[in-house]
Amino acid sequence: MRDAEIRQLRDLIGQSVRIHGWLYNSRSSGKLRFLVVRDGSGYLQSVVFKPGVEERVWDEAGRATQESSLWVTGRVKEDPRSPGGVELEVADLGIVSLCPEYPITPKEHGPDFLLNNRHLWLRSKRQHAIMRVRNELVFGIRDFFYQRNYVNIDSPILTPAACEGTSTLFETDYFGEKAFLSQSGQLYLEPAAAAHGKVYCFGPTFRAEKSKTRRHLMEFWMVEPEVAWMRFPELLDLAEEFVSSLVARVLDRCKHELEWLERDVSKLEPAASRPYPRIDYGDAITKLQGLGYEAKFGDDFGGDEETALSDDSGKPTMITRYPAAIKAFYMEPDADDPARALAVDVIAPEGYGEIIGGSERIGSYDLLEQRIREHNLPREAFEWYLDVRRYGGFPHSGFGMGIERVVSWMCGLQHLREAIPYPRMLNRLYP
RNA sequence: UCCGCAGUAGCUCAAUGGUAGAGCAUCCGGCUGUUAACCGGAGGGUUGGGGGUUCGAGCCCCUCCUGCGGAGCCA
């Protein structure tokens, strides 16, 4: 008798195995009991036939409640009537821990109830599939950069001052000093780019914005590459190559998960290949005006406008060269039009919104110093950041990509809250 | 912060201002191939809190709380 994971059973037809897991669901029909066991690696229909087992085994099978932890032994058998095509002919069974009435029944539930039970909700099939996709995406991101000789340099979570203004930061006490939870690792990454050339960070970021939409979380994960000597056109190529390769990877390796999620992959497939449509900010305004929006130069885009601008081909849309006035202080101005910043936003299709924001960074010490003044930022807090220009300034570019928005898009989710194991939202800090 | 919607059994939802119900879950019983199985039975309620109108309020009015959807802001 060998222990096995459910995912391996297809290769163990005819053999006797023992499975440890939890009872996902059970059905009975007279002298037959069907126990669907899950072990994290898959789901297994285990069949208990009354005349074929000891009475003790039959009774245990009847006593097991939803989500009771248990082990089953038996012979692995191919059977087209079983979901998955493989089932277990149960020989013996033992309940490890009997589960009292489990809150999440195999019927519909509302979001409030499910979020209050997030720690249990993670066991559900759909949530299981989403976390698998997230896992593949995260590994794909690291693999992408590793293969291109980027060095992972993680930024601090506790920071002394704001990256882009203090109003949206979570504040905490740091031995009598004020500290803030990071809302971006970028400023810390730029010095590292001077050390290693090509770097990236990947970690949680925090925004105290009182946002209540399907596209916002208080705590979300962001991956941010930063590349020395990279100029704006190459940055656009990098973002495009990055996103398209990740889509291709998930489509290739998460077929089952996307199937469980009933994701229409035909809407995702176009995003796996390059190029992506690119539109200049000025042309975007013109396009919006043509569609009847009251957009004018200098406006940022709302959710509806982003959706209107995104291509209906299923590819993300890259919007370039935003007005400098509505973008961050550290962005390099366009040499042809200093009112514009060399900035890009990548908008996911199907209304999933902005997944990437990036830019070429200001390389000049004097200009950066001027921008810090213009934005009324505390000069002393940015001395170290100015050092990146003071000691061997160099052109460099980078972007940030929000992981949950990408997971949400790939999985076709209605809301970002399912894309992260424990979502932190307005008025929700439990579990 | 603003606009809109909602809160009834453990869960998802019904109920003209006039006796609070169903499905699922739980417990008991039945069924030799079920696919969120099915069939029969049982238990389960201070209708979010407070105040008001009325002979009578789950339903109407005021207020507070909680949640949902959206706006703004952003990834």
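Every chain is numbered from 1 and lettered A, B, ... according to where its sequence line falls, protein lines coming before strand lines.
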Exam field: side chain [X] to backbone [Y], donor-acceptor pair closer than 3.5 Å:
{"X": "A:R142", "Y": "A:V138", "value": "no"}
{"X": "A:K315", "Y": "A:S273", "value": "yes"}
{"X": "A:N135", "Y": "A:M131", "value": "no"}
{"X": "A:S310", "Y": "A:T307", "value": "yes"}
{"X": "A:T317", "Y": "A:I347", "value": "no"}
{"X": "A:E89", "Y": "A:V76", "value": "no"}
{"X": "A:K77", "Y": "A:V86", "value": "no"}

Next on the checklist: Nearest 0.5 angstrom please: A:L217 CG to A:E209 CD, how far?
Outcome noted: 11.0 Å
For nucleotides 21-30 of chain B, list the nitrogen or oxygen atoms of the protein found under 3.5 Å from its nitrogen or oxygen atoms, one pair per line.
from: B:A25; atom 1: O2'; to: A:E101; atom 2: OE2; distance (Å): 3.4

Donor-acceptor contacts, no H, no angles, side chain residues 290-302 of chain A, under 3.5 Å, sequence neighbours left out:
from: A:K296; atom 1: NZ; to: A:D299; atom 2: OD1; distance (Å): 3.4
from: A:D299; atom 1: OD2; to: A:K296; atom 2: N; distance (Å): 3.0

Item to check | A:K287 NZ: over 12 foreign heavy atoms closer than 6.0 Å | outcome: yes
Checklist entry - So, A:R340 and A:D337, do they make that salt bridge, N to O below 4.0 Å? => result yes
Checklist entry - At under 4.0 Å, does any side-chain N or O of A:N427 touch on OP1 or OP2 of B:U66? => result no
Sugar-phosphate only, base, or nothing, as touched by [X] at under 4.0 Å among non-hydrogen atoms:
{"X": "A:D79", "result": "base"}
{"X": "A:L217", "result": "base"}
{"X": "A:I355", "result": "sugar-phosphate"}
{"X": "A:G110", "result": "sugar-phosphate"}
{"X": "A:P103", "result": "nothing"}
{"X": "A:E87", "result": "base"}

Closest to the [X] side chain, choosing from [options]:
{"X": "A:P51", "options": "B:G33, B:C11, B:U32", "result": "B:U32"}
{"X": "A:R428", "options": "B:U1, B:G67, B:A75", "result": "B:G67"}
{"X": "A:K212", "options": "B:A75, B:U12, B:C68", "result": "B:C68"}
{"X": "A:R214", "options": "B:G69, B:A71, B:U34", "result": "B:G69"}
{"X": "A:D300", "options": "B:U34, B:G67, B:C74", "result": "B:C74"}
{"X": "A:H216", "options": "B:A75, B:G33, B:C68", "result": "B:A75"}
{"X": "A:F113", "options": "B:C68, B:U12, B:U32", "result": "B:U12"}
{"X": "A:M222", "options": "B:A75, B:C74, B:A71", "result": "B:A75"}
{"X": "A:M425", "options": "B:G69, B:G72, B:C68", "result": "B:C68"}
{"X": "A:R417", "options": "B:C68, B:C74, B:U34", "result": "B:C68"}

Can you name the atoms? Protein N/O to nucleotides 41-48 of chain B N/O, anything below 3.5 Å, with the distance.
none

To the nearest Å, give me how far apart [atom1] ([X]) and [atom2] ([N]) are.
{"X": "A:D304", "N": "B:C3", "atom1": "CG", "atom2": "C1'", "result": "15 Å"}
{"X": "A:L114", "N": "B:U12", "atom1": "CG", "atom2": "C1'", "result": "11 Å"}
{"X": "A:I141", "N": "B:A75", "atom1": "CD1", "atom2": "C1'", "result": "12 Å"}
{"X": "A:L426", "N": "B:G70", "atom1": "CG", "atom2": "P", "result": "14 Å"}
{"X": "A:L413", "N": "B:G69", "atom1": "CG", "atom2": "P", "result": "13 Å"}
{"X": "A:E209", "N": "B:A75", "atom1": "CD", "atom2": "P", "result": "8 Å"}
{"X": "A:F34", "N": "B:C38", "atom1": "CZ", "atom2": "P", "result": "14 Å"}
{"X": "A:K77", "N": "B:G33", "atom1": "NZ", "atom2": "P", "result": "13 Å"}

Give me the distance, rounded to whole Å, that separates [N] from [M] when you measure between the [atom1] atoms they each carry.
{"N": "B:U12", "M": "B:C55", "atom1": "C1'", "value": "36 Å"}
{"N": "B:C28", "M": "B:U46", "atom1": "P", "value": "25 Å"}
{"N": "B:G21", "M": "B:G29", "atom1": "C1'", "value": "25 Å"}
{"N": "B:U47", "M": "B:A20", "atom1": "C1'", "value": "8 Å"}
{"N": "B:C59", "M": "B:U53", "atom1": "P", "value": "15 Å"}
{"N": "B:C5", "M": "B:A9", "atom1": "P", "value": "23 Å"}
{"N": "B:G45", "M": "B:G40", "atom1": "C1'", "value": "25 Å"}
{"N": "B:C27", "M": "B:C13", "atom1": "C1'", "value": "23 Å"}

Listing, residues 405-416 of chain A side-chain donor-acceptor contacts under 3.5 Å, not counting sequence neighbours, or none:
from: A:R405; atom 1: NE; to: A:R215; atom 2: O; distance (Å): 3.1
from: A:R405; atom 1: NH1; to: A:E354; atom 2: O; distance (Å): 2.8
from: A:R405; atom 1: NH2; to: A:R215; atom 2: O; distance (Å): 2.9
from: A:H415; atom 1: ND1; to: A:R417; atom 2: N; distance (Å): 3.0

Checklist entry - Regarding A:R33 and the six-membered ring of A:W58, is the cationic atom NZ or CZ under 6.0 Å from the ring centre and inside 45° of its axis? => result yes
Checklist outcome for this item: Each base of RNA chain B marked ( ) or [ ] if paired in-strand (Watson-Crick or G-U under 3.5 Å), | if paired to another strand and . if unpaired gives (((((((..((((....[..)))).(((((.......))))).....(((((..]....))))))))))))....
Checklist entry - Are A:Y330 and A:Y385 an aromatic pair by the rule of ring centers under 6.0 Å? => result no
Checklist outcome for this item: Of A:E108 and A:D345, the one whose closest nucleotide on RNA chain B sits nearer the 5' end is A:E108
Next on the checklist: Once hydrogens and angles are ignored, does a donor-acceptor distance under 3.5 Å link the base of B:C74 to the side chain of A:S211?
Outcome noted: no
Donor-acceptor pairs under 3.5 Å, side chain of residues 21-29 of chain A to any protein atom, not counting sequence neighbours: which ones?
from: A:Y24; atom 1: OH; to: A:K125; atom 2: N; distance (Å): 3.2
from: A:R27; atom 1: NH2; to: A:Q45; atom 2: OE1; distance (Å): 3.3

